[in-house]
Q: 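Have a look at this one before I ask anything.
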Number of protein chains: 2
Amino acid sequence: MATSTVENYLKHVLLLSEGGDDLVSMGALATAMEVVPGTATTMVKAIAGEGLVEHQPRYGVKLTAKGRRLALNVLRKHRLIETFLVNVLKMDWSKVHEEAEQLEHAISDEVLDRLDALLGHPTTDPHGDPIPNRQGRLNSQVYATLATCALDIPLRVVRVTEQSAEFLQFVEQNGLLPGAGIRVADRNLTAGLVKLKKTGGRTPIVSVAAAGKILVEPGK
Amino acid sequence: MATSTVENYLKHVLLLSEGGDDLVSMGALATAMEVVPGTATTMVKAIAGEGLVEHQPRYGVKLTAKGRRLALNVLRKHRLIETFLVNVLKMDWSKVHEEAEQLEHAISDEVLDRLDALLGHPTTDPHGDPIPNRQGRLNSQVYATLATCALDIPLRVVRVTEQSAEFLQFVEQNGLLPGAGIRVADRNLTAGLVKLKKTGGRTPIVSVAAAGKILVEPGK
DNA sequence: AGATTGTTTTTGACTCCTCAAAATGTTGCT
DNA sequence: AGCAACATTTTGAGGAGTCAAAAACAATCT
Ligand SMILES: [Mn+2]
Ligand SMILES: [Mn+2]
Ligand SMILES: [Mn+2]
Ligand SMILES: [Mn+2]
């Protein structure tokens with residue numbers, strides 16, 4: 001059985017290769033894992049020896065089919081646990097990521113299935129992140145962000161792609177939770193600011209950097 | 001923060017000193033932890049250095065106040081998680097011990113409190129084991145067992161003191177779950193057998209060894 | 001008291017994961 | 001082509017937890 005360290009490496013390789021399926025660099029992986037680059041190299045060589053990743057020395061790393069299966073199972077656990085903590089235990093959506101980071105390695109597949117049923121087989125977690133299904137199918141739809149979408153058309157927030165508690169609290173304070181209706185009133189790239197208009201009247205202003213982490217779809 | 005290995009050592013010292021509060025022997029601790037005796041000695045010296053236990057070389061080990069607080073918190077997590085898995089997720093009572101063995105180290109105090117509230121602040125887990133309260137108070141009442149109680153008086157099963165899945169399934173098959181009404185019809189020490197009589201008619205026969213693990217109180 | 005038995009401790013070695021710092025390779029720039 | 005900047009790998013070391021086997025000790029029996 002893979003240790004929780006190995007599970008974390010695999011999960012981060014998966015997350016870092018979302019979208020483009022090219023190689024993940026050692027530097028990016030080391031940063032994500034919060035270790036020095038040499039440690040990442042050592043571990044990648046070790047898990048490559050177990051057939052979980054393919055290592056192109058000096059260029060990067062990618063998951064094998066076996067590694068991907070494992071990584072998707074960990075990600076499914078993570079996101080279902082987050083959903084449970086918010087929907088059933090009513091925890092703050094800004095704090096569940098840290099919890100799930102631990103629990104994802106402790107929970108069995110049987111408990112996972114029962115949680116999934118209890119929650120009604122959800123397809124996204126509280127942050128709008130898609131939950132891989134039992135078969136390991138991950139719905140990786142590409143969305144526009146508040147930094148790139150067209151101005152003045154009705155939108156709906158579908159996902160927030162950052163897990164830090166501070167950022168999530170900021171998002172909540174400005175009423176930009178997944179599901180919120182919104183439109184972009186103005187965008188000033190030189191000033192780095194995006195002016196929003198909520199259905200209901202509020203007009204929050206966020207930085208372009210923050211706007212790029214809020215994914216939207218055309219909405220009622 | 002204590003590692004999960006340390007948490008397990010502390011929990012087992014607590015469990016092995018239930019009742020009498022004298023020293024726990026290295027041999028008993030090593031067996032419980034499923035390590036060789038030398039490993040237990042090494043670990044006990046290490047956690048003694050952190051002020052979690054007091055080590056009487058050559059005689060045994062006992063918890064300090066600090067170690068006891070930690071151990072009780074782990075035990076509380078273990079038993080509340082078991083209760084959650086059975087009462088909410090409807091898992092088999094014979095399988096939840098293994099699950100809780102992992103989850104007890106991954107769950108935060110905040111999730112613990114919310115689980116406790118969701119479950120309605122239970123005082124015992126599915127096996128009848130008492131759940132320490134938030135203040136670390138553990139109700140260690142001493143009960144009679146089916147191997148020692150008086151014959152032919154009405155009894156109620158209150159606790160089963162063994163966690164192996166096989167034994168718990170055996171108990172369930174014979175309708176001896178906590179709460180079951182029962183009386184001892186006959187006890188033959190030489191043959192090592194105990195004949196029971198259930199309210200409802202069934203008359204299961206169990207070994208004296210098994211009977212000693214089923215705790216009862218005088219009951220309707 | 002002396003010998004035997006069983007328990008505990010010590011010692012040396014190993015796995016897993018990590019870091020610091022030096023060595024090496026790659027890329028882009030002049 | 002030569003050099004600088006940056007990323008990656010290698011090397012040596014250490015902490016946590018474990019085992020096997022030898023040494024030390026305690027308890028018990030003659
Ligand atoms: Mn998360
Ligand atoms: Mn999430
Ligand atoms: Mn248990
Ligand atoms: Mn229990």
Side-chain angles (χ1 to χ4, degrees), chain A residues 1-17 20 22-63 66-67 70-71 74 101-102 104-106, chain B residues 1-17 20 22-63 66-67 70-71 74 101-102 104-106:
Chain A
M1 258 275 285
T3 65
S4 66
T5 302
V6 170
E7 290 187 341
N8 279 328
Y9 274 92
L10 295 175
K11 186 184 63 173
H12 279 119
V13 173
L14 176 67
L15 291 174
L16 289 169
S17 56
D22 24 323
L23 297 176
V24 173
S25 76
M26 285 302 136
L29 182 55
T31 302
M33 286 296 301
E34 301 182 67
V35 296
V36 300
T39 301
T41 300
T42 306
M43 280 301 299
V44 162
K45 291 209 303 187
I47 62 181
E50 294 171 35
L52 297 169
V53 297
E54 206 178 307
H55 184 204
Q56 232 88 74
R58 230 95 217 185
Y59 289 93
V61 65
K62 63 190 268 201
L63 295 170
K66 185 176 163 198
L70 249 100
V74 176
E101 216 43 63
Q102 303 306 312
E104 65 189 2
H105 311 292
Chain B
M1 257 276 286
T3 65
S4 68
T5 303
V6 170
E7 289 186 343
N8 279 328
Y9 273 92
L10 296 175
K11 187 184 64 173
H12 278 119
V13 173
L14 176 68
L15 290 173
L16 290 169
S17 57
D22 25 325
L23 297 176
V24 172
S25 76
M26 284 302 136
L29 182 56
T31 302
M33 285 295 301
E34 301 181 67
V35 296
V36 299
T39 301
T41 301
T42 305
M43 279 301 298
V44 162
K45 291 209 304 185
I47 61 181
E50 294 172 35
L52 296 169
V53 297
E54 207 178 307
H55 183 205
Q56 232 88 74
R58 229 96 219 182
Y59 289 94
V61 64
K62 63 190 270 200
L63 295 170
K66 185 177 162 197
L70 250 104
V74 176
E101 215 44 64
Q102 303 306 312
E104 66 189 2
H105 311 292

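We name chains A, B, ... by the order of the sequence lines, and we start the count at 1 in each one. Keep in mind that the numbers below use all heavy atoms, side chains included, and drop hydrogens, waters and symmetry copies.
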Q: Can you tell which of C:dT18, C:dT8, D:dT9 lies closest to the side chain of A:Met43?
A: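 The listed nucleotide nearest to A:Met43's side chain is C:dT18.
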
Q: How many whole angstroms separate atom CD1 of B:Ile47 from atom P of D:dT18?
A: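 About 11 Å, once rounded to whole Å.
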
Q: Are B:Glu104 and B:Glu7 packed together at the side-chain level, in the sense that at least one heavy-atom pair is separated by less than 4.5 angstrom?
A: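 Heavy-atom side-chain distance check fails, nothing below 4.5 Å.
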
Q: Take atom CE of B:Met26 and atom P of C:dT10, then tell me their distance rounded to the nearest Å.
A: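 After rounding, the reported distance stands at 11 Å.
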
Q: Using atom NZ of A:Lys45 as one end and atom C1' of C:dC17 as the other, report the distance to the nearest whole Å.
A: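 Atom NZ in A:Lys45 sits about 15 Å away from atom C1' in C:dC17.
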
Q: Mind checking if B:Thr5 touches a base, just sugar-phosphate, or nothing, with heavy atoms under 4.0 Å?
A: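 Since only primed, P, OP1 and OP2 atoms lie under 4.0 Å of B:Thr5, the category is sugar-phosphate.
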
Q: Let me know, please, whether B:Pro37 or A:Gly38 comes out on the 5' side of the other along DNA chain C by nearest nucleotide.
A: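 The residue whose closest nucleotide sits nearer the 5' end is B:Pro37.
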
Q: Can you measure A:Glu34 atom CD to C:dC17 atom C1' for me and round it to whole angstrom units?
A: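 That distance rounds to 15 Å.
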
Q: Hey, is the main chain of B:Glu50 close enough, under 3.5 Å, to the side chain of B:Lys66 for a donor-acceptor pair?
A: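 At least one qualifying donor-acceptor pair exists.
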
Q: Looking at C:dT26, does its base get a donor-acceptor pair with the side chain of A:Arg58 below 3.5 Å?
A: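 Flag unset: no donor-acceptor pair detected.
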
Q: Taking only side-chain N and O atoms of B:Tyr9, does any of them lie within less than 4.0 angstrom of OP1 or OP2 on D:dT18?
A: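 Answer yes for this pair, as a side-chain N or O of B:Tyr9 is under 4.0 Å from OP1 or OP2.
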
Q: Would you mind telling me which of C:dT10, D:dT18, C:dA20 lies closest to the side-chain atoms of A:Val36?
A: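 Nearest to the side chain of A:Val36 among the choices is C:dA20.
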
Q: Rounded to the nearest Å, what distance is computed from the CG atom of residue B:Leu29 to the P atom of nucleotide D:dG17?
A: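 It is 14 Å, rounded to the nearest whole Å.
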
Q: Does D:dT18 have OP1 or OP2 under 4.0 Å away from a side-chain N or O of B:Thr39?
A: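 False: B:Thr39 side-chain N/O out of range (4.0 Å or more) of D:dT18 OP1/OP2.
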
Q: Check whether any side-chain N or O of B:His55 sits under 4.0 Å from OP1 or OP2 of C:dT9, and answer yes or no.
A: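 Yes, because at least one side-chain N or O of B:His55 sits under 4.0 Å from OP1 or OP2 of C:dT9.
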
Q: Identify the heavy atoms of B:His105 and B:Ser4 that sit nearest to each other, and give their distance.
A: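 Nearest heavy atoms, B:His105 then B:Ser4: CG-CB, 3.4 Å.
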
Q: Quick one: A:Gln56 CD to C:dT26 C1', roughly how many Å, whole number?
A: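 It is 15 Å, rounded to the nearest whole Å.
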
Q: Look at the side-chain N and O atoms of A:Tyr59 and state whether any lies under 4.0 Å from the OP1 or OP2 oxygen of D:dT9.
A: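 For A:Tyr59, the contact criterion (side-chain N or O under 4.0 Å from OP1 or OP2 of D:dT9) is not met.
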
Q: Quick one: A:Leu23 CG to D:dT8 P, roughly how many Å, whole number?
A: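 Spelled out: CG on A:Leu23 to P on D:dT8 is 11 Å.
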
Q: Quick one: does A:Lys62's side chain have a donor or acceptor within less than 3.5 Å of a partner on A:Ser17's backbone?
A: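 Not confirmed, A:Lys62 side chain does not pair with A:Ser17 backbone.
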
Q: Is B:Thr39 reaching over with its side chain to a backbone N or O of B:Val35, donor-acceptor style, under 3.5 angstrom?
A: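 No, because the side chain of B:Thr39 does not come within donor-acceptor range (under 3.5 Å) of the backbone of B:Val35.
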
Q: Is there a side-chain contact between A:Ser25 and the phosphate of D:dA7, meaning an N or O under 4.0 Å from OP1 or OP2?
A: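 Answer is no, no contact under 4.0 Å.
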
Q: What integer distance in Å separates A:His105:NE2 from C:dC17:P?
A: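 After rounding, the gap between these two atoms is 12 Å.
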
Q: For C:dT18, does OP1 or OP2 lie under 4.0 Å from any side-chain N or O of A:Thr42?
A: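 No, outside the criterion.
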
